[in-house]
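Okay, structure first, notes after.
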There are 2 protein chains.
Amino acid sequence: MSRTTGGGDERTGRTIRSVEIALNIIELLQERGRIGVTEIANDLGHSKSTVHSHLRTLEKRRVLVREGDGYRLSLRIIDMATRVREQVGNYDVIEREVDKLATETGEIAHFGIEEYGEVYYLCKARGSQSVETKSRIGTQQPMYSTSLGKTILAHLPPERQEQIIESCRFEPHTPHTITSPDALYEELETTIERGYGIDDEENIEGLRCVAAPVKNGETVLGAISISGPTSRFTDERLHTELAEHVKRAANVIELNTKFS
Amino acid sequence: MSRTTGGGDERTGRTIRSVEIALNIIELLQERGRIGVTEIANDLGHSKSTVHSHLRTLEKRRVLVREGDGYRLSLRIIDMATRVREQVGNYDVIEREVDKLATETGEIAHFGIEEYGEVYYLCKARGSQSVETKSRIGTQQPMYSTSLGKTILAHLPPERQEQIIESCRFEPHTPHTITSPDALYEELETTIERGYGIDDEENIEGLRCVAAPVKNGETVLGAISISGPTSRFTDERLHTELAEHVKRAANVIELNTKFS
DNA sequence: CGGGAGGTTCCCCCTACGGGAACAACGATT
DNA sequence: AATCGTTGTTCCCGTAGGGGGAACCTCCCG
């Protein structure tokens, strides 16, 4: 019943059971695609009648649709997502710059935001020679092993930074992954000095990334990055041409963005 | 308390109040962006304590985030949306063909799906000379006044077709909008015969569209369309070149799509 | 025709939810 | 600094709303 809330701070207090059940149903549906009452009831350990009234509620509210024999999530979710995206700063500019970055460099470009102590990809664009990665819009990655994550982390206010790092469970994804708070703090230091963050095969073997922070005054909104194979991402190119590219893109977004 | 469920069929039976409250909160958040407990409580007519426990539940489950003074929807919604999209047939192919259609014709292209008696835009691409429309991924449009809608409707099984048309409230958006079931049935007839559907300034003045159905065997998955200004969408061009384009795109999607 | 699986309905009992009110944490205004 | 107003949080109580069991319906398959 209890889930690991690996993220930032642990919340305590009363929560509402029916809402949690509904969310469990939604999450299950999200994983499985299209399923029926009985399967859901068995999986969640609830009676069919309970699940049934939930499904009815969610269908009435157009969160899900009955399709053939079973239910699936409704397309309204997509509408919601679009609105969420638009609420984040000036999304149009971000998208345009990510696209531009990908075309100019030929590599893969991302824009990410911190939430719950992880990086969420807000948008992504692939250049002409970009490698295929499993990244997908909306998925999250750890902060400590990605260029986006480390860059954002470096520019967060100290107390939030600590909070996140403390609740981090460092798992080595490759031999290069940073696995201790101390090493991470040091890396953040150099990230600040340098003005951009890098990921040297720390998350995926053979993949290097450069990221620059996008700030609004003193607060970080997120970061923008380019990723590519070590073969093309030489030390030379990474620290000159590519670093310049992400910094320029970040700058353009900053200039074009007026936050609330 | 009761909402107009304009869509397909009216559902009756027990629904769960707490879940509805939670959904109301989510919807409010979706409209307003970032708001606090008191504002939500006032707007929904609930006590602050009630709203508070709901917010706590939703925050725990990462549906929303506390940001500064207030809450906003979390980026996890975007992840959910991405998965929903991927569950729809072969989304990659659809996206590619919509893009291609837009580039080839220079106009604006859409792919839409029927749900709750309306058309939902699943994806969209803009060509080089495309006009700006207010359409957005995830938004819905009426069936009877759009080329996508009429095309899908024409190919739906008779009982579902009737069901939707009966629950339709025909509102004239322009002088050309079809406003009676009879006229609509007739139009659907010709749509079937012709093999593609058109919208001749029925939804937006000055805008014409052509759409072709995308089917999987006997069932319609959705439809793909091109839209543009009447000046460029002459009878001649619309019924030859453009109609061919959408039909070809629809065909490619059909061939590349293996449904469950 | 009969059996089985999944969906729907009914009803009961208990709990967990909604609401009111008190409490706490800021901030502004004078 | 002191006071008030505003917003977020906590506590507690009474009850109605929700979870569960079991019966019932529907469809499919042999």
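Labels below follow one simple rule: chain letters A, B, ... track the order of the sequence lines, proteins then strands, and each chain is numbered from 1.
Annotation: ring pair (Phe, Tyr, Trp, His ring centres under 6.0 Å) contacts of A:H110 (sequence neighbours excluded): A:Y121. Not counting sequence neighbours, the partners of A:S18 by the side-chain hydrogen bond (donor to acceptor under 3.5 Å, both in side chains) test are B:S18. In this structure, the side-chain hydrogen bond (donor to acceptor under 3.5 Å, both in side chains) partners of B:Q141, at least two apart in sequence or on a different chain, are B:N203. With sequence neighbours left out, the side-chain hydrogen bond (donor to acceptor under 3.5 Å, both in side chains) criterion links A:D43 to A:R32.
Straight-line distance from the CD1 atom of A:I35 to the C1' atom of C:dG6: 14 Å, rounded to whole Å. Computed from coordinates, the B:R56 CZ to D:dG8 C1' distance equals 10 Å when rounded to whole Å. In this structure, A:I40 places its CD1 atom 16 Å from C1' of C:dA5, rounding to the nearest Å. Following rounding to the nearest Å, B:D69 (CG) and D:dG8 (C1') show an atom-to-atom distance of 11 Å. The NE2 atom of B:H52 sits 16 Å away from the P atom of D:dC12 (whole-angstrom rounding). Across the protein-nucleic acid pair, A:N42 atom CG and D:dG21 atom P stand 12 Å apart, rounded to whole Å. As a whole-Å value, the separation of A:R66 CZ from C:dG7 P is 9 Å. One atom, CG of A:D43, and another, C1' of C:dG6, lie 15 Å apart when rounded to the nearest Å.
Residues B:E115 and A:R72 are paired through a salt bridge, judged by an N-O separation under 4.0 Å between the basic side chain and the carboxylate. Residues A:K215 and A:E254 are not paired through a salt bridge, judged by the lack of any N-O separation under 4.0 Å between the basic side chain and the carboxylate. Under the 4.0 Å criterion applied to side-chain N and carboxylate O atoms, A:E162 and A:R160 are not assigned as salt-bridge partners.
Checking each of A:V65, A:L58, A:L29, A:V63 against A:S74 for a side chain to side chain contact (heavy atoms under 4.5 Å, CB included) leaves exactly one that passes, namely A:V65.
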Inset, instruction - Go through A:M143 and A:Q161 one step at a time and tell me if the side chain to side chain contact (heavy atoms under 4.5 Å, CB included) criterion holds. - result: CA-CA 11 Å; A:M143 300 287 279; A:Q161 192 184 91; over 6 Å; no
Inset, instruction - Summarise protein proximity over nucleotides 10-25 of chain C in one line of letters, 5' to 3': B for base, S for sugar-phosphate only, - for none, counting protein heavy atoms closer than 4.0 Å. - result: B-----SBBBB-----
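In this structure, the helix from C:dC1-D:dG30 to C:dT30-D:dA1 shows an angle of 40° between the axis at its start and the axis at its end, each fitted on 5 base pairs and rounded to 10°.
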